[in-house]
Amino acid sequence: MKHIKVRFAPSPTGPLHIGGARSALFNWLFARRYGGKFLVRIEDTDLERSSRESEENILASLTWLGLDWDEGIGVGGSGGPYRQTERLDLYHKYARRLLEQGQAYYCYCTEEELAAEREALLSAGEMVRYLGRCRKLRREDGLQLENEGRRAVLRFQVPDERVVIVADQVRGQVKFECSGMGDFIILKSDDVPTYNFAVVVDDHLMGITHVLRAEEHLSNTPRQILLYEALGWEIPVFAHISLILGKDRSKMSKRHGAAAIEQYQALGYLPEALVNFMALLGWSPGGEEEVFTLDQLQEQFSLDRLAKNPAVFDLDKLNWLNGYYIRQSSLDRVTSLAIPFLQRAGYLSSEATPEEQEWARLLVTAVREYLSNMSEITNHAALFFHVPDYNDPEARAVLEQEQVAPVLGAIKDRLVKTFDQKVLDEQGVKDFLKKMPKDLGVGGKKIYLPLRAALTGRTKGPELYHLIPVLGLNRAVVRLESALGFIFAQHSGSDLDV
RNA sequence: GGCCCCAUGGUCAAGCGGUCUAAGACACCGCCCUUUCACGGCGGUAACCCGGGUUCGAAUCCCGGUGGGGUCACCA
């Protein structure tokens, strides 16, 4: 394949959404796979809704995902500037050309007139479009209207009888009847280009060879093709990727929950999990493997494995993948990811002293296999900060068994004796627990579960040899004492009942 | 409503005319590991939207229906 060049061209009107991120990813993968170039351009022609803040947000999300670009905003290149509002003269130049070629004309129709036309067409069951009232408007009449204060838009004149065929890499030949299109606006009344016009000018001038974008743009494509033809430009290859749907099968949006990349970042999802997950929505590898790094994906990506049918966003699978990556990552990385969440929950000071960091490490080793995202760590940390109330029925039942009190008492004494001078680490606790049955002359059943119940107030949880070091000797002792107190209270209570 | 796209288990999906009594993953269920849970291992439940063609043969091709989605802006 020749010099491939693709692009991601977001509108800075909000954060980067899953759908956009997936488009960016596919473009990036395609460029990397075939040694092409990946470009990022900002489509900020919606002056009302665009903001620099959103732009920066989007770019930050791309970078966080690990997607870099060879040309465009922030990195420069020969096709710049890369913000559409900074290229207005370019659009005007080509708009003038279309005007001179007689393929564009000024339109002075008012909002009311257009609305009425729309209503009429809608109720007639026809395609809503502009019927071309101003097509034959003479220039002097137009100027007259301008003197009266009316502002014109520039419309592209669509051929009356024609079929435009979009040759799409994933959908095949898609036909569109020009009669249903209507003369569309290319320059708004403030001389800012509309999307359809700006993309064509930019994609051509920037040398884009392949346009990979979401399927919602498919119906715009014939208009863009008409523009390419009118300007005498080569038409890029199009590939419209099927949409990502929410649980209710409508296009994924905010109302389906977290839809922005930054939200997943904030919840403690790892970029490689998100990338892996998104790659599997609308694309599939040949084999049976489903876990891929960005590097592995770029070796395999190809257009012919893009799906035609839309994909429902499955949070369960994302969670599984993210949990998988959390388990795979180094302890250092997971710990540093965990610290901000622990600080926000008040479990760690804002300084995160070396001692606290060490403690966080212990916590992470104890609970990381329970996590599907990092924000969940605070739930697990809570266990260590609240003295158990022994209200959990199962834990209660365990503590109320025969012989539990003397065993717990003995463990407490030995714990103190053993670790008074020695560090309470995983191996030490392991050894300690291992010899308990022999030391106490009791079966493990009478030891481990009661100990767990006493220390945590629950019957389920991390390994005892992980849990006890996180707790530390003092808290462990305090909890054993309070468990003993609880057991004693229960017994005297039942004695009174008799 | 017009136009366009799509249709394999609950979800993502493999399949591109015979090897399909239809892969794999997530979820779910069971067993094992573990004196807990989770992780991990093993196994299981579960699908070709319907109707016509074409063909010796159709999940795969064609037509129709149904269903779902997208799009119809001086938003992109």
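Letters go in sequence order (proteins before strands), and every chain restarts at 1.
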Result for side-chain hydrogen bond (donor to acceptor under 3.5 Å, both in side chains) between A/D203 and one of A/Q224, A/H210, A/R7 points to A/R7
Do A/E146 and A/R150 meet the salt-bridge criterion of a basic N to acidic O distance under 4.0 Å? no
Classify the ring geometry between A/F238 and A/Y228 as parallel (under 30°), tilted (30 to 60°) or perpendicular (over 60°). perpendicular
A/D183 and its salt bridge (charged side-chain N to carboxylate O under 4.0 Å, His left out) partner, picked from A/R133, A/R135, A/R129, A/R155: A/R135
What residues in residues 150-162 of chain A put a non-hydrogen atom under 4.0 Å from any atom of RNA chain B? A/V153
Do A/F277 and A/F313 have ring centres separated by under 6.0 Å? yes
For atom CD of A/Q328 and atom C1' of B/C39, their distance in whole Å: 11 Å
Considering only NZ, NE, NH1 and NH2 on the basic side and carboxylate oxygens on the acidic side, decide whether A/R52 and A/E56 come within less than 4.0 Å. no
Is A/D431 salt-bridged to A/K434, going by a charged N under 4.0 Å from an acidic O? no
At under 4.0 Å between heavy atoms, what does A/R49 touch on the DNA or RNA strands: base, sugar-phosphate, or nothing? base
Polar side-chain atom of A/E126 near backbone of A/L122 as donor-acceptor pair, under 3.5 Å: no
Ring-ring centroid check A/F26 A/W283, cutoff 6.0 Å: no
Using the closest heavy atom to pick a nucleotide of RNA chain B for each, name whichever of A/T459 or A/R223 lands nearer the 5' end. A/T459
For RNA chain B, which residues in residues 436-444 of chain A have a heavy atom at a distance below 4.0 Å? A/G443, A/G444
Want to settle it: does A/E369 or A/H217 sit nearer the 5' end of RNA chain B, counting the closest nucleotide to each? A/E369
Can you tell me how far the CG atom of A/L99 sits from the OH atom of A/Y106, to the nearest 0.5 Å? 5.0 Å
Under 3.5 Å between N/O atoms: give me all the protein pairs with nucleotides 40-51 of chain B, atom names plus distance.
residue	atom	partner	partner atom	Å
B/G40	OP1	A/R327	NH1	3.3

With respect to the side chain of A/E215, which nucleotide from B/C5, B/U71, B/G1 is positioned closest? B/C5
Under 6.0 Å between ring centres, would you say that holds for A/Y195 and A/H217? yes
Can you list, in residue-number order, the parts of residues 170-199 of chain A that come under 4.0 Å of RNA chain B, counting heavy atoms only? A/R171, A/V174, A/K175, A/F176, A/I185, A/K188, A/S189, A/Y195
Are A/K430 and A/E463 within salt-bridge range, i.e. N to O under 4.0 Å? no
Would A/R162 and A/E229 pass as an ion pair if we require N to O under 4.0 Å? yes
From A/F30 atom CZ to A/F38 atom CZ, the distance as rounded to the nearest 0.5 Å: 12.5 Å
Send over the distance from A/Y325 OH to B/C39 P, rounded to a whole Å. 18 Å
So CG of A/L154 and SG of A/C134: to nearest 0.5 Å the spacing works out to 11.5 Å
Going from OG1 on A/T365 to CG on A/L331, what distance comes out if it is rounded to the nearest 0.5 angstrom? 6.0 Å
The nucleotide from B/C3, B/G70, B/U36 with an atom nearest the side chain of A/E216 is B/G70
Any N/O pairs under 3.5 Å between the protein and nucleotides 7-13 of chain B? List them or say none.
residue	atom	partner	partner atom	Å
B/C12	OP1	A/V312	N	3.1
B/C12	O2'	A/L280	O	2.9
B/A13	OP1	A/G282	N	2.7
B/A13	O3'	A/S284	OG	3.3

Between B/C26 atom P and A/L274 atom CG, what is the distance in whole Å? 18 Å
Students often get this wrong, so: under 4.0 angstrom with heavy atoms, is A/E463 touching a base, only sugar-phosphate, or nothing? base
Please report the C-alpha distance between A/R83 and A/R41 in whole Å, then the side-chain angles of each, then the deciding distance to 0.1 Å, and finally whether the side-chain contact (heavy atoms from CB on, under 4.5 Å) criterion is met. CA-CA 6 Å; A/R83 228 176 328 248; A/R41 175 218 303 157; over 6 Å; no
Interatomic distance, A/D190 atom CG to A/T45 atom OG1 [nearest 0.5 angstrom]: 9.5 Å
Please list, for nucleotides 19-22 of chain B, all pairs of protein and nucleotide N/O atoms separated by less than 3.5 Å.
none

Using the P atoms only, state how far B/A23 lies from B/G44, rounded to an integer number of Å. 11 Å
